[in-house]
Amino acid sequence: MTDRLLARRGNLTRWMGLALVGFVVVMAAVSFVWQPYGIEAIDPTNTNTGPSVDHWLGTDPLGRDIFTQILVGSRTTLFVGVVAVGIASLIGVPVGMLAGSSGRWVNETVMRAMDIVFAFPAVLLAIILAAGFGGSTLTAMIAIGIATVPVFARITRAATLQVMTSDYVLVARSYGRRGVPLMVRYVLPNIASVIIVQASVAFAIAILAEAALSYLGLGTQPPTPTWGRSLQEAQTYLFINPLLPVWPGVAIALSVLGFNLLGDGLRDALDPTLRER
Amino acid sequence: MVVALLEVKDLTVRFGDDEAVRGVSFSLDSGVRTGLIGESGCGKSLTALAILGLAPTTATVTGSVRFEGEELIGRPERELCRLRGNRLTVVFQEPMSALNPLMKVGRQIAEVLEVHDKAGRGEARRRAIDLIEMVRLPDPSRTAHKYPHQLSGGQRQRIVLAMALAGDPALLIADEPTTALDVTVQADILLLLDDLVRDLDTSLLLISHDLSLVASLCEELLVMYGGTIVERGRVSEVFARPLHPYTAGLHSASSLEHSDGTDDLRTIEGSVPPIGQFPGGCVFRNRCEYADEVCLGVPPLRVPPGEPHEVACHHPVSHD
């Protein structure tokens, strides 16, 4: 009974998460084929207007269409999320598996190195990178990706440690499976669920981090629209046009919520202890 | 001199300062079925893992394990793989966790053949199906395509057995292979294990806490307590005349005089101490009715050395 309730709750979370994430993906896809206005098109007679038939979400102080900005901004959000999580998992997962399957020295060395990386917040890394290469979407993605590596390394290591003590890995080792084939065929498939869940949660964090970096001017540069910078630009006009910061804010909040719910739901669905036998 | 199939000398496994296995020595000859009995926590499973080179990375293993004359302790995993080949295999207690949950069972058996015999995919597949037939599972080619969770406990244990016997091993270590199964299924699996081991002329080291199981399957017996072997001999001899008080206790605890519910439940006083808290001198002295000052200070040696029936006790049970 409880199991079924849990399963249903998991389903609901998963579907809500999936719907929100799907919505953002559809927005990004639509932006490639159709935009109501150009992203740089200004309408000097209509600045700081509220929602209307012509401008669904109103216009900003320059007379740009906010709906267009949000629509196109979703591309940046998804792009940064995918690349940052990609960097983080492509480095973090192998590192974590190495640490989890090696002896004490490698394990300790690798994990302490990860601790050092973990001590650098994404913002600090982004500032360092921006100082060297100038702020751009690329430096933001790399900064967020590197800052997230230790999260993946830790969670992968913990899962690997557990799987390495399981009987089937011992059996595989007893008949001579070792090294990369052991990791790829026996360990990775059995820890994949943990990594997938972490990826969706990390995606949410990456969206927030990107918004924060763009807000600080360390991320994507104008005129490419991003939700974070829309928010920052809106700040100045908070008292003239109070609706202005709401739209990018809602967009960020809903997509972060979506990825978090998806992660939660996936965890319930993929957790072997909750899975039906 | 004939080299023993497996020779274990002073095998010790430490976790930090705590000794979980304390100087285990024994040897196994080819084609002999040996039982290793002892209660939970006495170090029997850890002994098996240490022999296989699979002790946890947190453990320190010292001593000597010679398999077919080659030393296994202290070798890197790469060399271990070569030396063990698949001539030294293992069956664990829990059939669910002994199979990779995300790999079809046929593939898992084929893996064993691919690693060592360098069999091609197609050939390994065909032989895997033959092996599934050998362990008497119905419809082998369909069974090969199932995942572990689609099989029952008994069926899974048959697959595990097929994997262990795939490479025609010289020695099979079975760590409580039937404990996790129903009684009726247990009997089937034991029968199968017995038949296969005899047919393939494989030596068996059967780890168990079940005396009757060991008595029905094995010829030689090792009794383990507190991380050491306290008694060794032929099964019939040890059961007829147990010399160590612990063996005698185990024996009487698992036999019935009345079967109408009026029988006293005989137990050995106390329980196995946690690792690192075994008494000095004789490990069993705190639970032994014969213990005296000698047992307090002097760890007993196994005597008489080389005789068919050895015991490590200062006051062996007399049978006169």
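Letters A, B, ... are given to chains in the order of the sequence lines, protein chains preceding strands, and every chain is numbered from 1. The basis for the numbers below is simple: all heavy atoms, side chains too, and nothing from hydrogens, waters or symmetry mates. These figures come from a predicted structure and were not determined experimentally.
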Once rounded to the nearest 0.5 Å, what's the spacing between atom CD of B/Glu77 and atom CG of A/Leu182? 8.0 Å
What part of B/Glu94 gets closer than 4.5 Å to chain A, counting heavy atoms only: side chain, backbone, both or neither? both
May I ask you to check whether over 12 heavy atoms, not counting those of B/Arg136, lie within 6.0 Å of atom CZ? yes
Please determine whether the number of non-hydrogen atoms from other residues, nucleotides or ligands lying under 6.0 Å from atom CD of B/Glu39 exceeds 12. yes
Among residues at least two apart in sequence or on other chains, which ones pass ring-ring contact (aromatic ring centres under 6.0 Å, His included) with A/Tyr168? none
Gap between atom CD1 of B/Ile51 and atom OG of A/Ser174 - 0.5 Å precision: 13.0 Å
Over 12 non-hydrogen atoms of neighbours within 6.0 angstrom of CE in A/Met16: no
For a 4.5 angstrom cut-off between non-hydrogen side-chain atoms, does B/Glu114 reach A/Tyr175? no
For atom CZ of B/Arg33, is the number of surrounding heavy atoms from other residues, nucleotides or ligands below 6.0 Å larger than 12? yes
Given the options B/Val90, B/Leu99, B/Leu52, which has more heavy-atom pairs under 4.5 Å with chain A than any of the others? B/Leu99
If you count the non-hydrogen atoms of other residues, nucleotides and ligands that lie under 6.0 Å from CZ in B/Arg78, is the total more than 12? no
Would you give the length of the straight line joining atom OG1 of A/Thr165 to atom CG of B/Leu54, rounded to the nearest 0.5 angstrom? 12.0 Å
How long is the straight-line distance from CZ of A/Arg185 back to CD of B/Gln108, given to the nearest 0.5 Å? 11.5 Å
Would you name the heavy atoms of A/Val171 and B/Ala98 that are closest together and state the gap between them? CG2-O, 4.2 Å
Under 4.5 Å to a heavy atom of chain B? For A/Arg173 that would be both
According to ring-ring contact (aromatic ring centres under 6.0 Å, His included), who are the partners of B/Phe67, at least two apart in sequence or on a separate chain? none
Do A/Asn190 and B/Asn100 have side-chain heavy atoms sitting under 4.5 Å apart? yes
